[in-house]
Each structure stands twice: as structure tokens, then as C-alpha cells.
Amino acid sequence: MNAPLIGARIERKEDYRFLTGAGQYTDDVTLPNQSHAVFVRSPHAHAKIKSIKLDRAKKAPGVLAIYTGEDLSKLGGLPCGWLITDVNGQPMKEPPHPSLAQGKVRYVGDQVAIVIAETEDQARDAAELVEVDYEVLPAVVDGSKARAKGAPQLHDIAPDNTCYVWALGDKAACDAAFAKAAHVTKLEFINNRLIPNAMEPRVANGSYSRADDAYTLYVASQNPHVERLLMTAFVMGLPEHKVRVVAGDVGGGFGSKIYLYAEDVAVTWASRQLGRPVKWTSDRSEAFMSDAHGRDHHTVAELAMDKDGRFLGMRVKTTANVGAYLSTFASCVPTILYATLLAGQYKTPVIHCEVTAVFTNTVPVDAYRGAGRPEATYVVERLVETAAREMKLDPAEIRRRNFITEFPYQTPVALQYDIGNYNATLEAAQKLADVAGFAARKKASQAKGRLRGLGYAAYIEACGIAPSAVAGSLGARAGLFEAGEVRVHPTGSVTVFTGSHSHGQGHETTFAQVVADRLGMPIENVDIVHGDTSKVLFGMGTYGSRSIAVGGTAIVKALDKIVAKGKKIAAHLLEAAEADIEYDRGEFRVKGTDKKKMFGEVAFAAYVPHNYPHDKLEPGLNENAFYDPSNFTFPAGTYVCEVEVDPETGKVTVEKFSAVDDFGKIINPMIVEGQVHGGVTQGIGQAMLEGCRYSDDGQLMTGSYMDYCLPRADDVPSYQVDTRETPCTHNPLGVKGCGEAGAIGAPAAFINALTDALGVKDIPMPATPQVVWNALQKKN
Amino acid sequence: MAVKISMKVNGKAVTAEVEDRTLLVTFIREHLRLTGTHVGCDTAQCGACTVDMDGRAVKSCAFLAMQAEGASITTIEGVAKPDGTLHPMQAAFKENHGLQCGFCTPGMVMNAIDFARGNPNPTEQQIREALDGNLCRCTGYHNIVKSIAAGAKAMAAGK
Ligand code: FES
Ligand code: FES
């Protein structure tokens with residue numbers, strides 16, 4: 001009846017509304033009797049609050065209420081969702097993380113008070129009148145200085161500002177491998193702190209209904225159910241059925257909208273005090289200083305090899321700056337999502353990694369696109385490329401020599417890769433990038449007085465987080481399954497409810513393709529609903545490239561149940577044995593005959609059950625499924641970056657960027673390519689442009705688009721992207737996930753290309769013109 | 001201080017009383033409830049708020065509402081035909097997957113339409129430079145550039 005929908009470039013169902021201005025983002029929701037909130041934030045990185053005077057502010061026009069930490073002192077702190085156990089078997093240090101500061105502020109931007117007024121302007125004016133008397137304390141912002149003797153202490157319960165020291169791998173075996181190495185490559189670098197910058201700033205609009213004694217929170221979130229769970233169970237002590245969380249259209253997330261934030265709690269709580277809905281819309285300046293940041297590692301990494309460049313062992317020591325408090329998933333990012341990926345695509349037999357997480361007077365750091373895996377890929381791929389150069393081996397050849405080629409493969413850092421073909425993606429990337437023609441292009445650049453370089457990154461990531469039992473054994477405090485519901489309507493059209501969440505990924509299209517393909521119906525007959533806890537049965541949300549692999553599979557499981565029930569109904573209608581019914585492209589048929597019932601007829605019979613097997617079956621055609629994956633998925637690929645440098649100015653141009661990814665089966669190649677383009681651009685952004693800076697006393701120096709350089713259209717090229725396919729072995733769609741790959745692979749590919757061009761061993765990120773120019777001066 | 005303003009928005013005459021400090025974007029979003037125009041920054045750098053004012057793409061966060069007195073404004077809601085048919089530039093964004101989360105999209109489309117009027121057959125470089133005032137965090141610009149090239153052609157062909 002229809003061409004296959006899986007693998008088709010289908011235009012997106014959601015685009016019409018976005019293109020005509022009909023999207024409903026959280027700030028577009030204005031409730032009857034709406035009031036507006038503005039937060040008073042700390043201007044100091046570290047200070048005691050001596051007093052807060054509210055009299056003048058309270059008298060300002062339009063002001064409805066002002067609340068401070070004292071008012072919220074009965075609420076629980078913002079919880080951290082992952083318990084890391086340190087090398088001594090002790091739990092990590094979890095300092096209280098209040099929604100409004102309790103006596104002390106610990107970073108510039110820390111929330112001190114919420115001011116609520118009739119209009120946003122009035123709230124802003126009144127916020128200016130709040131007088132906070134601070135006793136300023138010395139601050140520490142640099143993670144590598146946080147444990148130094150005499151460093152300012154942030155939390156009483158975390159001596160030396162240490163959250164945990166954690167390790168993975170066999171240290172003795174690793175040291176032994178290094179002892180017999182023919183060559184060791186060593187690098188020390190910083191994985192720069194980034195500010196996520198989804199284009200839609202965060203918004204939260206809380207409202208309380210006295211009539212139902214229930215709350216509704218409209219919030220720009222990537223996972224409304226998790227937000228509800230954390231807020232009700234841990235912070236506010238409310239029963240979940242009394243709280244509805246709605247995250248409608250969300251304008252990008254990249255990790256920054258996973259977490260339960262203080263503002264969400266404050267507006268929800270305040271809406272009950274006031275009996276009015278309270279809306280807070282972050283402005284961009286606020287976003288810079290209050291959205292969770294990403295990365296910020298200081299790492300020393302070593303790779304041991306035999307004389308042929310075969311890897312013998314890897315040793316990594318990282319200090320991860322988690323900021324002033326533990327954000328929702330802060331603790332697992334530099335550990336579980338980082339150290340476990342250090343095998344990369346290689347057969348390195350022993351690996352040891354030690355991670356020290358420290359508190360500093362900076363914005364809390366959490367998952368940002370890639371979350372731990374970009375950091376791991378950067379370690380591995382910078383080491384490998386540098387090792388190739390030091391050993392005078394071709395960078396592709398050293399990779400080939402060490403690639404894992406047999407699957408399943410158990411790494412020395414806990415993961416078991418189910419499948420992959422790393423030679424295939426490497427080879428395809430070399431072709432796509434025309435590596436063979438590089439020498440000629442380099443010559444042409446030289447003739448113009450320019451330097452040209454080429455670099456690889458062969459990344460791997462673990463996606464589809466996660467088998468709940470495994471995650472639980474590693475410290476996760478929540479399950480990591482996904483839920484889906486397929487509701488077939490009486491005349492056969494379908495609404496699907498998913499616990500995954502789209503904030504740009506295009507679930508309404510991709511998931512509809514899966515459903516329409518499996519059921520054999522036109523895609524127009526399928527709608528996908530997400531982002532509302534009152535509609536969707538449950539959900540763990542979208543992050544870690546998990547939507548299609550986990551959320552998609554939950555839907556497939558529900559579809560299987562629909563078809564199974566449909567067969568029973570069809571068997572009754574066709575007076576045949578259930579075992580003889582087969583389902584194919586919209587038709588239930590009796591095998592080997594031309595007797596059949598259309599999907600719509602079966603659905604109708606389920607809802608108008610006049611002729612129906614009532615003794616065996618309930619009416620209706622609606623099924624739920626929860627899917628807990630049995631393993632992670634392992635997308636992998638090779639990126640080749642080619643840059644040209646103007647030595648006069650230090651300006652770097654990305655001349656070519658070629659990406660070949662293995663995402664397993666692909667549902668919509670157009671959407672997948674878009675994910676790669678976006679991810680690669682964020683990766684190039686990290687490597688070339690973006691870097692969060694604090695002054696020594698903790699002032700945020702990069703707090704606007706004037707100081708924090710987000711990639712613009714003329715900073716990046718058009719990309720060449722292609723895929724190779726080894727279907728995932730443990731989910732029915734064979735899918736792996738594609739959302740983060742670009743951001744994971746691109747920084748290492750870029751820096752490998754740039755160091756090749758400059759002929760230097762290393763260069764820090766972001767490699768701005770100034771950094772590049774200085775490196776050239778130093779070299780000459 | 002309250003001021004009275006009147007202008008044309010998407011072909012309709014509007015009159016309102018607003019505070020003098022009200023930004024044009026706030027007027028459009030909050031008073032007229034045309035929420036397709038977005039706010040992505042507070043330093044006039046992201047372009048999410050771009051609208052057409054008297055035939056020119058402008059950032060509506062960089063104007064006071066009263067500066068638009070007497071002007072004719074088109075927002076993203078006024079771009080498609082009344083029967084819902086997409087403008088060729090909107091259609092090009094859809095066909096070329098020039099949007100993901102959609103937040104930057106209205107501004108991108110408004111800017112692109114203005115640009116394409118003067119550049120019916122633009123090069124990639126021209127398009128990238130023209131996007132200097134519009135940030136997108138999702139698409140990496142690749143497909144936006146493609147969309148604008150296609151949209152400009154379609155506009156020139158009078159589609
Ligand atoms: S909101 Fe106008 S340029 Fe950003
Ligand atoms: S599509 Fe999300 S910011 Fe451009």
C-alpha cells in the first residue's frame with residue numbers, strides 16, 4: 001500500500017506550526033490572572049548574606065510578594081539524581097542546594113529572592129530595590145585550585161571542596177603495562193567550560209488551583225515527568241497526582257533543560273501562596289549565569305604503546321569542576337559517562353581513570369550535549385593522533401592497528417559493545433574527505449602563505465541510557481526505561497503518547513514514521529503527543545541520544561501488543577484460528593487465503609463490539625508499554641576536519657568537515673543529518689570559539705553574546721555527511737541514536753587538524769585567533 | 001508614562017496605549033499576542049525577534065513600540081497566504097529541514113525574505129554573511145543556508 005517509511009526523508013510534521021509562528025513555547029503561555037517573577041541574584045561569587053531589606057521593594061508599584069530563603073526554608077534542597085561512591089567506599093558529598101539562598105551565596109547568579117509583581121517590568125524595578133547586605137568572602141573558580149591549601153571552602157560538609165575522588169579500572173595492571181611500553185604519549189589539557197545556550201531561554205510558569213488543590217507547572221524542560229518526580233518527592237513533598245508538568249514546544253535543550261532548577265520550584269511554590277499563576281522568563285544574561293554549564297575538566301592523560309604503535313594501556317587523571325552545587329546529574333557526567341568511554345574504538349587492554357570532582361564558586365556544571373563522552377573522545381583521540389605523530393605512523397594506520405574488530409567486545413572499563421565496524425566508517429570518511437588529495441591542497445595553501453592541517457577523530461559513545469539495573473548498580477537514583485502508549489481510535493487513526501521529549505529532534509515525524517510503517521498506514525493518520533504529564537503515562541525524557549533507541553522501542557512494544565490484540569479480533573471476525581492470522585501493511589489476513597479485515601475495520605470492531613469475542617477479550621484498542629533496554633547502544637564514526645590558518649592573524653577557517661557515522665538503522669536520514677550538522681557545529685564551537693571565563697574573584701566574564709562566541713553562519717562551512725550501518729543488536733528497530741555524535745567527535749578532529757597545521761603538539765580550546773597567533777609566535 | 005501608538009500589523013490597523021518604555025517585541029508578543037516573534041537575547045544579537053518594518057527586516061527588540069508609530073509591520077504570522085499556503089521561503093525551510101526546535105525560525109525566515117528580495121540568486125557566502133545577526137543553536141546553519149538559497153530562487157521565480 002505504501003512505500004516504506006523507515007529510512008525515508010519525510011518532511012517534518014511539526015514544521016508548519018513553527019514556520020507560521022504557531023508554536024507554543026512556554027513563554028507563549030499566559031494564564032488568566034498571570035503574575036510575573038524576577039529573581040534577585042547574587043552579584044558576588046561567594047558571600048555571607050548579613051541581611052535582606054525588602055521594605056522599599058515591597059512598596060514599589062505592582063508588587064504582589066517577595067520571598068527569600070527564609071520563606072522557603074521548609075522545602076527540601078534540589079536533589080542530585082546519581083550517587084557516586086568514592087575510592088574509599090564513601091558516598092559523595094552532597095551539600096544542600098536550596099532554591100533560594102540560605103545565608104550564603106556561592107556563585108554569581110545564585111538566587112537570593114523572588115520578586116513577584118503584576119508585570120515583568122514592575123517586578124524588575126522592584127528587584128532593584130531589594131537591599132542585600134553581603135559580607136564578601138574569597139572565592140575559588142578554577143577546578144585545579146579548589147583543593148589547594150588555604151583555598152576558600154564552599155561547603156562545611158565537603159572538606160577541601162571535594163565532592164568525591166572516584167576511580168575505574170585496574171591501576172596495578174595499568175602501571176605494569178606502562179612499565180613495559182616502548183613509547184608513552186602524554187598530554188595535559190583543559191576541556192573548556194561551555195554555556196549551552198539553547199536559543200529559547202528557560203521559562204517556568206507555576207499555577208495552583210485551590211478548587212482541585214493541584215498545581216500545574218509549564219516549563220521549558222526536556223523531561224517533564226522527571227521534573228515532576230524530583231520536585232514532588234524530594235523538594236516539595238507533594239503527591240504526584242496533584243502536580244501536572246507541561247513542557248510543550250521547547251526551543252532547544254542540549255542538556256540544559258534536563259534539570260530541576262530552583263526557579264521551577266520557587267514559582268510553583270509561590271503560586272500557591274499568592275493564589276495566582278507566577279511566570280518567570282529568563283533573559284539571556286540570566287541564562288548565562290544560571291543555566292547549568294558544561295564540561296570543565298583538567299586532565300592528564302597517557303597512552304602506552306609497543307614499538308608498532310599497539311596500545312598497551314591508558315592512564316587518565318581528571319579534575320572535574322562541578323560548580324557551586326551538585327546539579328541533577330552532575331555527579332555521573334565526569335564518571336559513569338566519561339571513564340567508561342575511554343576505550344574508544346580500540347583494543348586498549350588496560351585502562352585506569354581517576355576523577356576528582358570539586359566544588360567552586362561557579363555555576364553548577366552538568367550534562368551538555370554529549371555529556372562526558374566528548375570529554376572521553378577528546379582524551380582518546382588527542383592521544384591517538386599525537387601518538388601517531390610521535391611514532392611517525394599514519395594517523396589512520398595507527399587507528400586501524402588498534403581497532404576493535406570482533407563483537408561483542410568487553411572493554412576494560414565496564415561496557416560491552418554489541419556491534420560496530422570501525423574500519424568501514426574510517427575508510428568512508430577518508431574517501432568523503434578526499435584525504436588522498438590533501439597534500440595537493442596543503443601545497444596550494446602554502447603558496448598563499450597559509451597553513452593547512454588535517455585531523456581525525458574516531459569517536460564512540462554509549463547512548464540509549466540505560467539498563468536500569470546497571471544504572472542502579474552504578475548509583476542512579478531513578479530508572480531509565482521509557483514508556484509509550486498507542487491509542488487506536490475507532491476508525492483506525494492513531495495517537496501515540498511518548499515519554500520521550502522533542503525540543504527540536506523531530507519526534508512528531510520520526511516516531512510517526514515508525515508507527516505508520518509498522519502498522520502500514522499513511523503517516524497523516526498518526527499523531528505523536530509528548531511533554532505533558534497529564535497526557536503521557538510516564539516518561540524519563542530525552543537526553544543521551546536515547547529517544548529512538550529507548551522511547552522508540554517502547555512504542556514498538558506497544559504496537560506489537562496492538563497487532564496481537566488485533567489478530568484476536570480479526571480471527572473472530574474472520575472465523576479463523578488466531579494462529580492463522582497474519583498482519584501485513586494494514587491488513588489482517590487469513591494465511592493462504594484472500595480473506596482479510598482492514599486495520600480500521602478491526603479498530604471499529606474493538607470500539608463498537610457488537611460482533612466481538614467478549615468472553616476472551618476486552619473492547620478497545622489501546623496499549624501501553626514500558627521498555628527497559630538490555631544494553632547501551634554504541635554509535636560510532638570517524639570525522640575528518642581540514643583547517644586553514646592565516647599565520648598573520650591567527651584566524652582559522654574550517655575548510656572541510658566530513659562525518660561518517662554509524663547510527664545503526666536510520667528512520668529519517670534528513671533529520672539525522674540535521675542532528676549531525678548541529679552537533680558538529682557545537683563541537684567546532686567548543687574547539688574554536690566558545691569558552692566560559694571567570695575572573696579570579698568569580699565574576700562571569702562571558703555573560704553575553706558579545707563575550708561568549710556562539711558559532712554564527714559564517715564561522716562554519718557546509719558539511720559532508722554520510723553513514724554506514726551496523727544495526728544495533730538488542731532493540732527491534734536496530735537503532736542507536738544520533739543526537740550527540742557531532743558534538744562528541746568534532747572538537748578532537750578540529751584540534752587534531754589545527755595542531756597538524758601549526759606543527760605543535762597541543763593547543764588549548766577554544767583556539768581563538770589570539771591563541772593561535774600566540775602559539776605561532778612561541779613556535780617561531 | 002503611557003503613550004498612544006498606532007500602526008499596521010499584518011495588514012490590520014492597531015491602536016493601543018502602552019508604557020513609553022515598552023519594546024516593540026513586547027508590544028507584539030504581549031499586547032497583540034502574536035507569539036511567533038521570539039526573544040532570544042537581551043543585547044540585540046540573536047535575531048529571533050526579527051520582523052518586517054516598512055519592507056525592511058528589523059530586530060523588534062531594538063525598537064521601542066512608539067518608534068514604530070505609523071509603520072507597517074509584518075510578523076511571521078502574516079507571511080503565509082490567508083488560506084494557509086506557505087510563503088516560498090517558509091516552504092523552502094520545510095523542504096530543506098532548515099529548522100529543528102523552531103525557536104530561531106521566525107527570525108530566520110523574516111530576515112531571509114528581506115535578503116532574498118535583493119539577492120534572487122545568492123551565493124553560499126552571501127547567505128552566510130547575511131545571517132550574521134541571526135543565531136541558531138540547532139541546525140549548524142547548513143540546512144538554513146540551503147533553505148535560503150532555494151527560497152530565494154523560488155521567490156525570484158514568483159512561486
Ligand atoms: S531578541 Fe532581538 S536580537 Fe535577540
Ligand atoms: S532551530 Fe533551534 S535555534 Fe534554530
Report which part of A/Gln24 has an atom under 4.5 Å of a heavy atom belonging to chain B: side chain, backbone, both, or neither. side chain

B/Arg128 side chain reached by A/Ser718 side chain, heavy atoms, under 4.5 Å: yes

Indicate yes or no: at least one non-hydrogen side-chain atom of B/Leu23 is less than 4.5 angstrom from one of B/Phe27. no

Using a cut-off of under 4.5 Å for heavy-atom pairs, which of A/Glu673, A/Glu200, A/Glu286 has the most such pairs with chain B? A/Glu200

Less than 4.5 Å apart, any side-chain heavy atom of A/Arg202 and any of A/Trp280? yes

Top of A/Gly253, A/Pro196, A/Ala22 for chain B proximity - count of heavy-atom pairs under 4.5 angstrom: A/Pro196

Most contacts with chain B, counted as non-hydrogen pairs under 4.5 angstrom, among A/Val250, A/Asp121, A/Thr681, A/Thr281: A/Asp121

Taking the six-membered ring for Trp, are the ring centroids of A/Tyr639 and A/Tyr719 within less than 6.0 Å of each other? no

Just give me the residue among A/Gly678, A/Gly506, A/Gly679 that pairs up with chain B most often, heavy atom to heavy atom, under 4.5 Å. A/Gly678

With no hydrogens and no angle check, is any side-chain donor or acceptor of B/Arg137 less than 3.5 Å from a backbone partner on A/Met199? no

Out of A/Asp27, A/Ile684, A/Val680, return the one with the most heavy atom pairs under 4.5 angstrom to chain B. A/Asp27

Side chains of A/Ser500 and A/Phe511 in contact at under 4.5 Å (non-hydrogen atoms): yes

So, do A/Tyr25 and B/His38 have ring centers that fall under 6.0 Å from each other? yes

A/Gln682, A/Met706, A/Arg369, A/Arg284: which one forms the most heavy-atom pairs within less than 4.5 Å of chain B? A/Arg284

Under 4.5 Å to a heavy atom of chain A? For B/Val79 that would be neither

Heavy-atom distances under 4.5 Å only: say whether B/Thr43 touches chain A with side chain, backbone, both or neither. side chain

